[in-house]
Amino acid sequence: MHMTTAEIREAFLEYFRKEGHEVVPSSSLVPHNDPTLLFTNAGMNQFKDCFLGAEQRSYVRATSAQRCVRAGGKHNDLENVGFTARHHTFFEMLGNFSFGDYFKHDAIRYAWTFLTEVLQLPKEKLCVTVYQSDDEAYDIWAKEIGVAPENIIRIGDKPGKPAYTSDNFWQMGDTGPCGPCTEIFYDHGEGIWGGRPGTPEEDGDRFIEIWNIVFMQFNRHADGTMEPLPKPSVDTGMGIERVAAIMQGGHSNYDIDVFQRLIKAAAEVTGATDLDNKSLRVVADHIRSCAYLIVDGVMPSNEGRGYVLRRIIRRAIRHGRKLGATDTFFYKLVGELADVMGSAAVELKQQQAMVEKVLKIEEENFARTLDRGIALLTDALDSLAGKELDGETVFKLYDTFGFPADLTNDVARERGFTIDEAGFEAAMEAQRQRAREAGQFSADYSKVLTIEGSTIFTGYDRDQDSAVIQRIYVDGEATEQLAEDCEALLVLDRTPFYAESGGQVGDCGEILTDSGLFRVTDTQKVGNAITHKGRLVSGALACGDAVEAKVDRVRRAAIRLNHSATHLLHSALRNVLGDHVAQKGSLVMADRLRFDFAHLEAMSRDEIAEVEAQVNEQIRANHSIDTELMDIEAAKERGAMALFGEKYDDQVRVLAMGDYSIELCGGTHAKRTGDIGFLKIVSESGIAAGVRRIEAVTGAGALAHIRDQEAQLSQAASLVKADSASVASKVKGLLDRNRSLEKELEQLKQKLASAASANLVDQAVEIGGAKVLISQLENADSKALRGMVDDLKNQLGSGIVLLGNVADGKVGLVAGVTKDLTAKVKAGELVNVVAQQVGGKGGGRPDMAMAGGSDAAALPAALEGAKTWLTEQL
């Protein structure tokens with residue numbers, strides 16, 4: 001039976017929906033609130049807190065088609081992508097999950113039924129693996145499913161390794177949930193080399209794992225103890241690309257419909273004619289990861305996730321050039337990708353123009369970077385004493401400029417040089433190790449605070465409520481009573497306190513009894529429970545006590561105004577800048593608001609003014625701020641936008657401010673937009689490539705900001721002896737006068753430098769037949785030094801000049817060599833000889849170079865040593 005990739009995706013989700021699973025959308029590739037992961041790399045990532053018991057959702061079984069990236073950190077196969085049948089930077093993982101509901105029997109049955117009945121795969125083509133000691137799983141396969149014993153393979157721990165190091169034993173980290181797993185393999189046939197799992201030939205391509213079922217059965221403690229979990233869970237994953245290859249009669253993932261369309265599109269935009277060229281595979285794979293990373297808020301940069309994205313983009317561009325591309329091409333594949341990904345491309349289609357623009361700009365920038373890299377490589381080869389380019393330079397070219405070692409080797413070989421391949425590989429391995437360390441789980445999951453049960457939130461329509469203390473935690477440990485002056489977390493059965501979420505900070509206030517006062521300094525969520533962090537100021541508290549929970553009303557009111565203003569700001573930005581604007585983060589506090597959004601360029605003064613004007617127009621319109629509970633599909637049909645980082649259940653709160661702003665939001669808000677007063681944008685800045693930040697104030701905070709600006713304007717006017725109406729013209733006049741004086745000063749310095757040059761030229765001596773002038777100056781103007789060297793070269797006609805200057809304890813060096821002598825002496829080499837002696841470094845062209853240093857006392861000897869070096873060169 002032939003099925004497209006899109007049909008497989010829909011069949012999988014529909015099958016598990018009918019089996020009572022909640023169909024959960026793919027989460028972002030950026031794993032929010034999880035510092036242990038570089039990128040989302042498995043379907044279970046978004047459910048990790050459910051498996052840990054720290055979060056309870058409205059469902060106990062789920063299914064998803066999760067987009068994943070493995071191109072950095074612990075999972076990094078970037079250099080293999082395109083050259084093997086199944087390595088990718090981006091892939092989709094189909095999964096079904098049970099949170100303490102069904103376990104081994106149903107998980108195995110679901111997988112087998114879907115493969116053999118829905119997809120109609122031949123049973124004789126399938127074999128399975130189980131963990132060596134997992135007799136339960138073995139018996140289910142043999143006795144309930146009916147798999148022949150010879151097709152059930154037990155996989156034990158790796159020889160010479162500790163227990164539980166088997167490929168069939170999964171663990172989240174060194175501690176925490178873990179358990180055996182069972183895997184299903186497909187036999188691609190005798191014509192392909194490879195053996196069954198557990199054999200020496202298992203790394204071949206004949207038997208391919210298509211489904212992994214993890215049984216989260218134990219909680220592993222730091223001492224190695226394996227404690228059975230009270231609610232065993234299931235985490236499964238099936239790579240859609242591998243299954244699509246089988247269903248479409250192919251062997252390689254690159255044979256499937258998605259890749260074949262992308263490969264043909266890549267050939268068209270690069271001018272390639274050989275569709276089997278591996279570089280086409282690279283480009284086809286990389287457009288998927290790059291496009292979806294940008295959709296999820298990652299922008300090319302020189303650190304973290306942005307750096308990984310930049311490397312993938314540059315790798316694709318390099319392969320495009322190998323295929324014959326002479327102009328920007330990569331961004332042209334986004335439209336084809338959005339079309340071929342079907343139901344998995346909803347967000348990509350919404351942001352297609354933005355993605356294309358980012359990729360085009362990055363490709364144009366990389367073209368310039370390549371030119372700089374070639375210049376650096378040329379300089380490095382020009383300054384080589386021997387015939388081998390060191391590994392660190394080769395690595396720098398790779399790491400900074402995107403030059404693969406083979407490209408550097410090609411350029412070097414053309415000029416008769418070799419590269420230090422061993423040194424390069426050592427630097428690469430050091431980078432891989434850093435990446436592995438950065439990608440490891442580091443949390444001790446046995447110490448994660450988990451709270452069963454939930455707290456009823458009553459704070460939408462009140463800021464005070466009666467409640468009962470359910471739990472008390474001190475330093476993460478549960479206790480029944482709390483003594484005076486102790487810090488603790490309190491959990492109530494109901495509370496008006498809002499827990500930090502969606503960018504809105506947690507409430508502060510007081511929890512009181514007849515004899516005790518607990519001051520709340522923050523409110524957070526743990527699972528479905530709301531925790532009140534604070535200190536018992538007086539009296540005593542105990543579990544079961546009746547309390548009165550009072551939110552700080554003034555602070556809450558200010559937060560509500562800022563949160564409502566954030567929604568208006570979001571809509572205004574989309575109106576003024578375009579629909580590509582997507583929220584990338586927010587912070588709603590009592591005294592200010594902060595809003596981060598996707599946009600490639602700094603906003604102009606007119607754009608900022610227009611956004612501010614639109615928001616204040618909506619404030620003056622005094623719209624009623626209405627909330628309504630509805631199911632998620634109805635909310636989407638109404639056009640409600642989802643906010644960054646929020647998780648939504650079937651029933652969601654839709655917050656509307658007239659027709660101007662309709663968003664999903666669980667926060668607290670004003671009753672009418674007029675309550676906000678007015679909004680003033682304080683600043684607009686860039687915080688990352690493609691991400692801008694606006695900070696603003698509202699209400700009383702906005703008034704205070706205006707008063708402060710007026711006070712500063714008044715003070716400035718007083719300083720320049722003007723009034724507020726004429727201060728701008730007065731300051732402009734002073735700046736013009738200052739620029740004129742600076743120009744006069746610069747001209748005087750140049751005259752002084754020329755006069756000094758005339759005096760210095762007589763100090764030139766002859767070395768090896770060439771005129772050489774070496775001199776030490778004190779407190780000379782550093783900007784004038786270069787001009788002095790040019791003057792001295794002109795006066796010498798043919799010669800070498802080296803000036804050392806000491807100013808403020810720092811050494812400045814400038815070397816100049818006339819063109820006729822650069823074949824014998826290069827200015828960059830000369831200046832470095834001296835710089836190394838004074839604790840510095842530098843460089844430049846063969847005829848002019850500069851350097852700095854920190855050891856002024858060593859300068860005289862260093863200049864004297866330069867004469868010896870020049871004698872050897874000349």
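One is the number of the first residue; the rest follow in order along the sequence.
For the residue pair Asp465 and Thr458, a side-chain donor N or O sits within less than 3.5 Å of a side-chain acceptor on the partner. Side-chain contact check for Gln66 and Glu92: no donor-acceptor pair (N or O, by modelled atom type) lies under 3.5 Å. One side chain, Tyr110 or Arg61, offers a donor N or O that lies under 3.5 Å from an acceptor on the other. Side chains of Asn562 and Thr698: a donor-acceptor N/O pair is present below 3.5 angstrom, by distance only. Using a 3.5 Å distance cut-off with no hydrogens or angles, the side chains of Ser604 and Asp606 do not pair a donor with an acceptor. Using modelled atom types, one finds a donor on one side chain and an acceptor on the other under 3.5 Å when comparing Thr668 with Gln504.
Salt-bridge formation is not detected for the pair Lys550/Glu510: no Lys NZ or Arg NE/NH1/NH2 atom is positioned less than 4.0 Å from an Asp or Glu carboxylate oxygen. Note on Asp675 versus Arg672: no salt bridge recorded, every NZ/NE/NH1/NH2 to OD/OE distance being 4.0 Å or above. Using a 4.0 Å cut-off between a side-chain N of Lys or Arg and a carboxylate O of Asp or Glu, Glu710 and Arg707 do not qualify as a salt bridge. One finds a salt bridge joining Glu487 and Arg535 here, because a Lys/Arg side-chain nitrogen approaches an Asp/Glu carboxylate oxygen to under 4.0 Å. A salt bridge does not link Arg692 with Asp596: every distance from a Lys NZ or Arg NE/NH1/NH2 to an Asp or Glu carboxylate oxygen is 4.0 Å or more. Glu500 has no carboxylate O lying under 4.0 Å from a charged side-chain N of Lys525, or vice versa, which leaves the two without a salt bridge. Between Glu601 and Lys357 a salt bridge is recorded (basic side-chain N to carboxylate O distance below 4.0 Å).
Of all heavy-atom pairs between Ser28 and Arg67, the closest is CA-NH2, 4.4 Å. Contact between Ala291 and Leu337 at its shortest, heavy atoms only, is CB-CD2, 3.5 Å. When every heavy atom of Ile681 is checked against every heavy atom of Glu612, the shortest pair comes out as N-OE2, 2.8 Å. Residues Arg574 and Val581 approach most closely at NH1-O, 2.7 Å, considering heavy atoms. Heavy-atom minimum distance, Asn622 versus Gly674: OD1-N, 3.0 Å. In terms of heavy-atom proximity, Ala590 sits nearest to Arg555 at CB-CG, 3.8 Å.
When atom types are taken as modelled, the side chain of Gln46 and the backbone of Pro25 share a donor-acceptor pair closer than 3.5 angstrom. Distance alone, capped at 3.5 Å, places no donor-acceptor pair between the Gln618 side chain and the Val615 backbone. Looking only at distances, a side-chain donor or acceptor of Ser564 sits under 3.5 Å from a matching main-chain atom of Ala670. Side chain of His21 to main chain of Phe16: a donor-acceptor pair is present (N/O by atom type, distance under 3.5 Å, no hydrogens or angles). For Asp507 (side chain) and Tyr498 (main-chain N/O), a donor-acceptor pair under 3.5 Å exists by modelled atom type. Put simply, the side chain of Asp101 never gets that close to the backbone of Ser98: no donor and acceptor are under 3.5 Å apart. With hydrogens and angles ignored, the 3.5 Å screen pairs a side-chain donor or acceptor of Thr455 with a backbone N or O of Ile530. For His580 (side chain) and Gln351 (main-chain N/O), no donor-acceptor pair under 3.5 Å exists by modelled atom type. A distance-only check finds a donor-acceptor pair linking the side chain of Asn528 to the backbone of Gln56 [under 3.5 Å]. Judged purely by atom type and a 3.5 angstrom limit, Ser454 has no side-chain atom pairing as donor or acceptor with the backbone of Ala529.
The distance from the CD1 atom of Ile469 to the CG atom of Leu482 is 8.0 Å, given to the nearest 0.5 Å. Between atom CD1 of residue Ile287 and atom OH of residue Tyr331 there is a gap of 11.5 Å, rounded to the nearest 0.5 Å. Distance check, rounded to the nearest 0.5 Å: OG of Ser571 to CG of Asp659 gives 11.0 Å. We find the NZ-CG distance between Lys671 and Asp626 to be 11.0 Å, quoted to the nearest 0.5 Å. Rounded to the nearest 0.5 Å, atoms CG (Leu492) and OG1 (Thr531) are 10.0 Å apart. Distance CZ/Arg471 to CG/Asp493: 11.0 Å, rounded to 0.5 Å.
A cation-pi geometry, defined here as NZ or CZ lying under 6.0 Å from the six-membered ring centre and within 45° of its normal, holds between Arg653 and Tyr460.
Thr495 is listed as a side-chain neighbour of His532, based on a closest heavy-atom distance under 4.5 Å. A heavy-atom distance below 4.5 Å is found between the side chains of Met589 and Leu587. Counting heavy atoms from C-beta outward, Thr40 and Val69 have side chains that stay 4.5 Å or more apart.
If you look at His567 and Phe595, their ring centroids are not closer than 6.0 Å.
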**OP:** Starting from the C-alpha separation in whole Å, work towards a yes-or-no answer on side chain to side chain contact (heavy atoms under 4.5 Å, CB included) for Leu29 and Val298.
**Re:** CA-CA 9 Å; Leu29 286 170; Val298 181; over 6 Å; no
**OP:** Mind running side chain to side chain contact (heavy atoms under 4.5 Å, CB included) on Leu541 and Leu536 for me, showing each step along the way?
**Re:** CA-CA 8 Å; Leu541 291 177; Leu536 183 59; 3.8 Å; yes
**OP:** Report the C-alpha separation of His570 and Tyr660 in whole Å, then their side-chain angles, then the decisive distance to 0.1 Å, and conclude whether the ring-ring contact (aromatic ring centres under 6.0 Å, His included) test is met.
**Re:** CA-CA 10 Å; His570 191 185; Tyr660 188 78; over 10 Å; no
Subject >> Worked check of side chain to side chain contact (heavy atoms under 4.5 Å, CB included) between Cys508 and Asp522 >> reply: CA-CA 6 Å; Cys508 299; Asp522 192 16; 5.9 Å; no
Subject >> Arg638 vs Glu628, salt bridge (charged side-chain N to carboxylate O under 4.0 Å, His left out): CA-CA, chis, key distance, verdict >> reply: CA-CA 12 Å; Arg638 190 173 174 187; Glu628 184 180 353; 3.5 Å; yes
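The neighbour count for Lys533 NZ, taken as heavy atoms of other residues, nucleotides or ligands under 6.0 Å away, does not exceed 12. A 6.0 Å sphere centred on CG of Asp461 holds more than 12 heavy atoms belonging to other residues, nucleotides or ligands.
Ring planes of Phe97 and Phe47: tilted class, angle from 30 to 60°.
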